[in-house]
Amino acid sequence: MTPTISTTGLTRRYGDHLALGDVSVDIEEGKITGLLGRNGAGKSTFLRIVTAQEFASAGSVRVFGESPVENERVLKRLVLVREDQQFPDFKVRHALSAASWFYPNWDSELADTLLRDFDLPTKRPVKKLSRGMRSALSITIGLAARAELTLLDEPYAGLDAVARQLFYDRLLDDYSAHPRTILLSTHLIDEVADLLEHVVMIDKGRVVLDAAADELRGSAVTVTGPALAVDDFVSGRRVLHRRKIGSRASVTVADALDPAATAKAKALHLKLEPLSLQQLMVHTSNGQTAEEASA
Ligand SMILES: Nc1ncnc2c1ncn2[C@@H]1O[C@H](COP(=O)(O)OP(=O)(O)OP(=O)(O)O)[C@@H](O)[C@H]1O
């Protein structure tokens, strides 16, 4: 199956700053993929290149098997929702009508439902909306467009926790009813972790993880207990992080534990805690091994 997005050696330099370096990834069709990374990691740059709003310095990008550059055939099959979405001087209902003409799969029933859910005033000029309301409008357009490729670039600026949860719920409901390829860029990883089927993590412009979310959940574990027992238990394993407090230690290892190792930990009275995706990003983007000690 041809991936919806495929990049090879994608590189973007701004002067001497490398925003994306040699990024080769495939974003598979019909999945929700998380594009994760810290501020400035290169997520928006990647999405702007995929949507031909910006050009690569080197490497190639294919979307639906073709170059997206000046390619109407490709661009009309995708929607990008950006955090800093700009709207013409329209009222909300005019912004929605304009979107309905532009996107071939537009669902006005869904748009109406989302307007009600987010309590958006249809007669108000977009410029008079609060920041959170503007995000809600962008999300409404992004979901109601029901584009085959839906790109969401941290679309929740200013949205409160209740509105963000509403967005995640509606995204999942509509995706379940109308499966499509969704790429969601975010650093609020814990909030979206359960939605994601695949994860691409970028750090300083480089891909540092590209794996199925299920594979990553439980792929690292923190072992806590008496320092000697912990050190013995983790010996020979790849240590991501080590913390010592007096005679106790807490060590994160990048291995899934097999049943025998889990039984051994239990016998040694060691505590095992699987690492969340968010913690995994913290450790992955902090470098290979971190050591902390306090007496
Ligand atoms: N037009 C530009 N000119 C110069 N540098 C840029 C430009 N656009 C992006 N950058 C730099 O490239 C890097 C990647 O930026 P990008 O916006 O892609 O990161 P991001 O992962 O989306 O970050 P955030 O989560 O903060 O939105 C940053 O260091 C940024 O300052």
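This is a predicted model, so every value here is computed, not measured. First listed ligand is number 1; within each ligand, the first listed atom is number 1.
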E54 heavy atom under 4.0 Å from ligand 1: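 Heavy atoms of E54 never come under 4.0 Å of ligand 1.
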Any G37 heavy atom less than 4.0 Å to ligand 1: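 No heavy atom of G37 comes that close to ligand 1.
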Under 3.5 Å side-chain donor-acceptor pair for [X] and [Y]:
X	Y	value
H198	D210	yes
D22	T11	no
T222	T252	yes
Q86	R134	no

In terms of residue, atom name and distance, what is the protein heavy atom nearest to [atom]?
atom	value
atom 16 (P) of ligand 1	T45 OG1, 3.6 Å
atom 14 (C) of ligand 1	G40 O, 3.3 Å
atom 17 (O) of ligand 1	S44 CB, 3.7 Å
atom 27 (O) of ligand 1	E154 OE2, 3.2 Å
atom 1 (N) of ligand 1	Y14 CE2, 3.5 Å
atom 26 (O) of ligand 1	N39 ND2, 3.0 Å
atom 12 (O) of ligand 1	A19 CB, 3.4 Å

Mutual orientation of the aromatic rings belonging to H187 and Y156 [parallel < 30°, tilted 30-60°, perpendicular > 60°]: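 Perpendicular, since the angle between the ring planes exceeds 60°.
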Plane angle bin for F90 and H94 - parallel if under 30°, tilted between 30 and 60°, otherwise perpendicular: perpendicular
Options H17, R82, R12, ranked by nearest heavy atom to atom 13 (C) of ligand 1, top entry: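 It is H17 that holds the nearest heavy atom.
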Per-atom contacts of ligand 1 with H187, taking only distances under 4.0 Å to non-hydrogen atoms: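 Heavy-atom distances to H187 below 4.0 Å select 25 (O).
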Ligand 1 atoms in contact with A41 (distance to a heavy atom under 4.0 Å):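 Once the distances to A41 are compared, the set is 19 (O), 20 (P), 21 (O).
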Closer than 4.0 Å: a protein non-hydrogen atom to atom 30 (C) of ligand 1: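 So far as the 4.0 Å threshold goes, atom 30 (C) of ligand 1 is out of reach of every protein heavy atom.
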Looking at [X], I want to see if its [atom1] is surrounded by more than 12 non-hydrogen atoms of other residues, nucleotides or ligands under 6.0 Å.
X	atom1	value
Q279	CD	yes
K128	NZ	no
L172	CG	yes

Residue portion contacting ligand 1 (non-hydrogen atoms closer than 4.0 Å) for R48: side chain
